[in-house]
Structures are given as structure tokens and as C-alpha cells.
Amino acid sequence: MFNKLSREFYERDPITVSIELLGKLLVRRTKEGEIVGRIVETEAYIGPYDKASHAYRNKKTKRNFVQFGERGHAYIFRVYGMHHCFCVVVGQKYIPAVALIRSVEPVKGIELMKISRGVKNDVPVTGLTNGPSKLCQAFGITEELNGIDLCGDDIFISEGDSKPFEVGRSRRIGIDYAEEYKDVLWRFYEENNEFVSKKVKE
DNA sequence: CGACCGATCCTC
DNA sequence: AGGATCGGTCGT
């Protein structure tokens with residue numbers, strides 16, 4: 001039914017993996033049911049030299065230690081004291097690097113997503129998962145899942161269909177503090193997809 | 001040990 | 001444009 005991505009998929013160049021994650025399916029299995037979204041927007045963060053990365057200068061902390069571990073595990077962190085972001089540890093082991101999943105297009109479990117997001121049943125589906133913290137809320141992803149292996153069965157990423165699409169790229173969102181790294185084009189998205197979180201120049 | 005602030009979202 | 005909300009991180 002699903003064709004789960006292998007460990008080897010994640011053990012490649014972080015930029016390449018971030019691009020190739022577009023169009024893949026994020027799958028979450030809960031007791032309430034299965035939730036699936038098609039990944040339409042990602043960002044790459046490469047710890048050793050990227051000033052926007054939580055692991056800049058290879059600094060290992062209580063928050064970011066998962067980035068230094070096995071590839072294909074989930075790095076989940078809290079932002080603004082109330083929201084979560086979901087990343088995949090990628091790249092050469094054991095260099096800290098991740099692909100941040102910024103937006104997905106709902107595929108299955110839309111009713112569950114609406115309940116988790118706390119929105120009324122008649123709201124448009126476009127606002128459900130178009131942002132890193134929105135999709136975490138929709139998928140029930142919290143820091144309890146930090147470090148979980150995406151090669152397992154509770155949450156994983158699968159091959160999608162092979163329909164072609166155009167890849168857009170831009171600066172990353174919300175990292176104005178990152179000096180010379182705030183302008184690198186490490187945000188990737190599917191062109192003309194209405195579930196991409198926001199338009200950015202360049 | 002205290003102060004600062006964010007890989008965001010929502011409402012005004 | 002501004003508030004919510006809190007733990008990690010860093011400076012003292």
C-alpha cells in the first residue's frame with residue numbers, strides 16, 4: 001500500500017533530500033485512524049556552518065541532539081512556547097542537518113485533521129496544513145515524538161505518485177537573524193500548489 | 001540564576 | 001500590527 005522511504009534515501013545531501021521530499025507522502029497512524037499528507041514545501045538546515053540552524057557550529061544541546069543521531073529520525077522542537085515544527089534528520093552521518101517539512105496537502109484523514117486543529121467542519125481545507133506548526137497540529141505531532149524513527153510504522157514518509165511538477169525555491173522563512181545565511185535559497189516548494197504556506201520574492 | 005526571544009499562528 | 005506563551009540558550 002505504502003512504499004516507505006529507506007534509510008538510504010535520507011543519508012544523502014540535505015539539499016537534494018529536501019527537494020526530493022516534495023511530492024512524497026507523510027503518513028501518521030493513530031488509534032483514531034490514518035492521516036496522510038503530500039509534502040509540498042520544505043527547507044534545508046545544515047548545522048556546521050548554517051547560521052539559521054539550531055546546530056550551528058556543531059553545537060550539541062538538549063534541544064538539538066537528535067540532529068546528531070541516525071538519519072531518517074524525526075527532529076521535533078517547540079517554537080514560540082506553544083507551537084511545534086517537524087524535521088527529518090538527513091545527510092551524511094553524523095553531521096547535524098535536517099529537512100524541515102513546512103507544508104503538506106491533505107490527502108487522507110481530513111476530518112481528524114480538523115478536529116486536531118480545532119476548526120469548524122465547514123472551514124476550507126486549504127488552511128489546515130499550510131505551515132510547519134499547522135501540520136504538526138493537524139497530524140498530532142508533539143515533542144513526545146522527537147527522535148522517533150521514520151523507518152518505523154507509526155509515522156513515516158512514503159513514495160507518492162509520479163505526477164510531474166515544477167520545483168520553486170526561495171529564501172527560508174523566519175530566520176532574519178541568520179546574517180549571510182538568511183538569503184540562501186534553501187526553501188523548496190511545488191509551484192502553483194495552493195497549500196504552500198506563503199509567497200516569497202526570489 | 002535571570003533575561004531574552006523564537007525555523008509561528010491568529011485576531012485585531 | 002501585536003499578542004500568546006514558555007523552555008532553551010546564553011550572559012552574568
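Computed over heavy atoms, backbone and side chain alike; hydrogens, waters and symmetry mates excluded. Per chain, numbering begins at 1; letters A, B, ... match sequence-line order.
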Among side-chain atoms of [X] and [Y], is any donor-acceptor pair under 3.5 angstrom?
| X | Y | answer |
| --- | --- | --- |
| A/Gln67 | A/His54 | no |
| A/Asp50 | A/Ser53 | no |
| A/Glu179 | A/Tyr177 | no |

Write down the distance between [atom1] ([X]) and [atom2] ([N]), rounded to a whole number of angstrom.
| X | N | atom1 | atom2 | result |
| --- | --- | --- | --- | --- |
| A/Lys60 | C/dG8 | NZ | P | 16 Å |
| A/Tyr177 | C/dC10 | OH | C1' | 15 Å |
| A/Phe86 | B/dT8 | CZ | C1' | 17 Å |
| A/Lys62 | C/dC6 | NZ | C1' | 14 Å |
| A/Tyr56 | B/dA7 | OH | P | 15 Å |
| A/Phe65 | C/dG8 | CZ | C1' | 13 Å |
| A/Tyr45 | B/dG6 | OH | C1' | 12 Å |
| A/Glu143 | B/dA7 | CD | C1' | 16 Å |

Keeping A/Ser158 on the side-chain end and A/Asn3 on the backbone end, is there a donor-acceptor pair under 3.5 Å?
yes
Ion pair present between [X] and [Y], side-chain N to carboxylate O less than 4.0 angstrom?
| X | Y | result |
| --- | --- | --- |
| A/Glu34 | A/Arg28 | no |
| A/Lys182 | A/Asp176 | no |
| A/Asp183 | A/Arg172 | no |
| A/Arg12 | A/Glu20 | yes |

Classify the nucleic acid contact of [X] as base, sugar-phosphate or nothing, counting any heavy atom under 4.0 Å across all strands shown.
| X | value |
| --- | --- |
| A/Gln67 | base |
| A/Leu100 | base |
| A/Arg63 | sugar-phosphate |

Stems involving DNA chain B, each a run of at least 3 consecutive Watson-Crick or G-U pairs under 3.5 Å
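Expected stems, ordered by start: B:1-6 with C:6-11, B:8-11 with C:1-4.
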On the nucleotide [N], are OP1 or OP2 found under 4.0 Å from the side-chain N or O atoms that [X] carries?
| X | N | value |
| --- | --- | --- |
| A/His84 | B/dT8 | no |
| A/Thr61 | C/dT9 | yes |
| A/Lys182 | B/dA7 | no |

Residues passing the ring-ring contact (aromatic ring centres under 6.0 Å, His included) test with A/Phe156, sequence neighbours excluded, are A/Phe2
With a distance cut-off below 6.0 Å to the six-membered ring centre and an angular limit of 45° from the axis, does A/Arg71 pair with A/Phe9 as a cation-pi contact?
no
Atom pairs under 3.5 Å: protein N/O with N/O of nucleotides 9-11 of chain B:
from: B/dC9; atom 1: OP1; to: A/Pro132; atom 2: N; distance (Å): 3.3
from: B/dC9; atom 1: OP1; to: A/Ser133; atom 2: N; distance (Å): 3.0
from: B/dC9; atom 1: OP1; to: A/Lys134; atom 2: N; distance (Å): 3.0
from: B/dC9; atom 1: O4'; to: A/His83; atom 2: NE2; distance (Å): 3.3
from: B/dC10; atom 1: OP1; to: A/Arg117; atom 2: NH1; distance (Å): 3.1
from: B/dC10; atom 1: OP1; to: A/Arg117; atom 2: NH2; distance (Å): 2.9

Interatomic distance at P, C/dT5 relative to B/dG2, whole Å
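To the nearest whole Å, 23 Å.
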With a centroid cutoff of 5.5 Å and a plane-angle limit of 30°, would you call A/Tyr80 stacked on C/dA4?
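No; centroid distance or tilt outside limits.
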